[in-house]
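Hydrogens, waters and symmetry mates play no part in the numbers below; they use all other heavy atoms, side chains included. Here is how names work: the chains are called A, B, and so on, in the same order as the sequence lines, proteins then strands, and each is numbered from 1.
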2 protein chains.
Amino acid sequence: MPTIYDVAREAGVSAATVSRVLNGAQTVDPAMVARVLTAVRELGYRPNAVARNLRRSRTTLWAVIISDIGNPFFTAMVRGVEDVAQQEGYSVVLCNSDEDPAKEETYVAAALSEQMAGVIISSSGSVKAAKTLIDSPVPVVAVDRELPRGAVDTVVVDNEGGARTATEHLLAAGYRRIACIAGPEGVSTADLRLRGYTAALPGDPVIVRADFREQGGYDAMAALLSSPEPPDAVFVANNLMTVGALRCLTERGVDVPGQVGLVGFDEIPWADLVHPSPSTVTQPTYELGRMAARLLVDRIATPAAKPATIVLPAELHPRESSIPR
Amino acid sequence: MPTIYDVAREAGVSAATVSRVLNGAQTVDPAMVARVLTAVRELGYRPNAVARNLRRSRTTLWAVIISDIGNPFFTAMVRGVEDVAQQEGYSVVLCNSDEDPAKEETYVAAALSEQMAGVIISSSGSVKAAKTLIDSPVPVVAVDRELPRGAVDTVVVDNEGGARTATEHLLAAGYRRIACIAGPEGVSTADLRLRGYTAALPGDPVIVRADFREQGGYDAMAALLSSPEPPDAVFVANNLMTVGALRCLTERGVDVPGQVGLVGFDEIPWADLVHPSPSTVTQPTYELGRMAARLLVDRIATPAAKPATIVLPAELHPRESSIPR
DNA sequence: ATGAAAGCGCTAACAT
DNA sequence: ATGTTAGCGCTTTCAT
């Protein structure tokens with residue numbers, strides 16, 4: 001691979017001049033510019049970004065650490081981040097922690113070693129990863145899930161409110177024994193949605209903790225159905241678990257919404273094509289990513305500013321799975 | 001941020017020794033190792049990967065360029081890549097070209113500038129991006145879609161055979177006017193699936209080209225329905241367009257499979273929960289990613305070897321949407 | 001407007 | 001077994 005010195009020699013100028021031309025400096029003789037560009041083309045020269053990054057002591061990369069690339073919620077959010085990043089001249093490096101705190105820690109370490117310009121993270125709950133980030137000078141934004149004990153810029157939805165609305169909706173529909181399939185303890189969205197459910201419920205809560213995955217939702221639903229007093233409705237704390245719960249109900253021939261009503265948190269792709277179509281609490285997913293990216297841009301510009309928290313609304317979309325009997 | 005020299009000073013050794021300790025060299029006195037590690041901990045030292053990459057003239061990053069992050073097919077494939085990458089000591093940088101050749105070219109340029117150790121690409125059809133990659137020294141593997149005019153390692157499924165099977169299945173079910181909603185021209189999967197459809201059809205083909213997106217499938221289906229002689233079945237060339245076509249049929253109250261039969265290429269998440277459930281031609285998606293990663297590892301090890309092409313089987317999964325009348 | 005020279009932080013060849 | 005030194009490719013003063 002040719003270097004900037006090869007180009008300089010070919011064009012009969014110094015490396016400094018080549019650098020100026022390539023970085024759009026105004027103070028270069030047009031004749032030189034032409035010679036340099038010709039040499040660049042002839043040699044097929046491609047600037048070495050690693051060298052540039054070292055010299056400048058900064059990169060134009062953002063690490064976006066999400067907890068499940070198989071969850072359409074996160075991929076939609078990433079699109080929001082990407083659009084802003086591109087517009088602002090950054091590239092997005094997507095890291096999939098797979099709900100595994102150890103992987104999350106590895107990615108955080110890599111982001112810091114690689115001198116990333118910023119990190120957007122939807123924490124899988126690793127306190128160590130959070131601490132590492134907060135103790136580092138890298139600009140950080142938490143999105144969807146709060147960073148454990150972290151006072152950083154944050155964009156979330158009103159998880160507690162959304163869960164309360166979902167539960168109240170089931171109550172209004174006439175259901176009385178409403179259970180909750182909750183997410184993993186220590187993940188902010190899981191804990192807040194559980195709190196919203198509990199707050200809205202007049203009677204005793206029935207809670208099964210699962211892992212935010214489809215199989216977890218399936219198993220939790222199965223456990224609820226085979227309990228002594230099965231629930232007549234269930235509030236499921238995320239989209240993948242909702243699919244799992246629905247599959248379990250369908251397989252066992254349980255009538256939804258006749259025997260059991262259901263509302264899930266998060267949108268499900270093609271929910272309207274599923275039968276019975278699941279009622280959901282939807283979030284402005286793309287907007288969540290966009291806002292996070294905006295906050296990161298601001299944070300990079302003014303590192304000392306006070307951390308902001310933005311809360312976006314969550315909205316109930318009633319569908320077939322919770323229609324009153 | 002502390003540098004390796006700060007650590008060396010703190011530990012009373014040379015920078016070379018610190019480097020040796022941190023890179024696991026065997027020839028270091030255990031006492032020194034201890035002193036260095038203590039200094040590292042006390043200073044919170046974190047090696048600068050950018051400097052290391054420059055010095056070593058290589059990185060441990062793979063660029064995985066996919067054409068639609070919103071398509072579960074690609075995210076499943078990425079998981080296969082990720083698992084091998086991690087095992088082999090590489091990190092995956094995910095790039096989403098969004099079916100946009102210009103974005104694809106940008107990402108290819110970035111991958112080369114950043115001195116990535118390898119590239120796995122599912123081409124959105126940019127000949128320029130393909131040429132840039134082939135003319136560069138970077139190891140490349142094409143996955144799912146062949147690289148335009150590129151003689152590189154490739155992992156694909158039997159697209160033509162899968163499409164033929166799907167079409168024959170519709171014929172066997174009694175459908176006679178079978179249309180095809182095809183993908184964009186120049187994308188290998190689109191062209192091969194179309195060829196398989198045409199080959200299996202005894203009569204004249206009815207073809208609508210669309211863009212592999214949900215809305216495109218919807219619009220194509222709408223156009224077919226309002227044509228003078230609407231088809232009695234349709235073969236749809238990918239998953240997102242299948243969802244779009246199905247939505248169009250459902251909205252207009254067309255009975256599937258009674259009035260119109262349907263088979264789609266690619267798996268659809270939760271296909272079994274959709275009503276009517278779509279028959280699909282499924283691919284070993286995760287395996288596709290895994291094989292691509294394996295090929296990349298081999299290519300990095302032996303850059304001069306002859307390019308390999310691996311073809312995996314595609315399998316028909318009949319569901320409700322193509323049950324005989 | 002252009003060039004010379006220093007240095008970003010690290011690793012590896014070489015010397016001891 | 002450890003230290004000294006050069007240099008990866010680039011940008012950015014500082015001189016001219």
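- The two residues Ala11(A) and Arg35(A) come nearest to each other via the heavy atoms O-NH2, 3.0 Å.
- A donor-acceptor contact closer than 3.5 angstrom links the side chains of Glu82(A) and Asn96(B).
- Atom-to-atom, CD of Gln26(B) to C1' of dA1(D) comes out at 13 Å; the value is rounded to the nearest Å.
- For the residue pair Arg145(A)/Ser67(A), the side-chain donor-acceptor check at 3.5 Å is satisfied.
- Taking 4.0 angstrom as the limit, Thr27(B) places none of its side-chain polar atoms (N or O) nearer than this to OP1 or OP2 of dT2(D).
- Taking every heavy atom of both residues into account, Glu88(A) and Arg294(A) meet most closely at OE2-NH1, 3.6 Å.
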Step-by-step salt bridge (charged side-chain N to carboxylate O under 4.0 Å, His left out) determination, Asp98(B) to Arg79(A): CA-CA 10 Å; Asp98(B) 234 356; Arg79(A) 283 172 173 275; 3.0 Å; yes
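- Per the geometry, CE belonging to Met32(A) stands 5 Å off P belonging to dT2(C), to the nearest Å.
- Considering all non-hydrogen atoms of both residues, Ile65(B) and Ser97(B) come closest at CG2-CB, 4.4 Å.
- With rounding to the nearest 0.5 Å, the separation of CG in Leu296(A) from CD1 in Ile120(A) is 5.0 Å.
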Summary of protein contacts for nucleotides 8-16 of chain C, nucleotide by nucleotide, where a base hit scores B, a sugar-phosphate-only hit scores S (4.0 Å, heavy atoms): BBBBBB---
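- Looking at residues 37-44 of chain A, you'll see that no heavy atom sits under 4.0 Å from any atom of DNA chain D.
- The distance from atom CZ of Arg46(A) to atom CD of Glu114(B), rounded to the nearest 0.5 Å, is 12.0 Å.
- Contact check, Ser14(B) against dT2(D): no side-chain N or O comes under 4.0 Å of OP1 or OP2.
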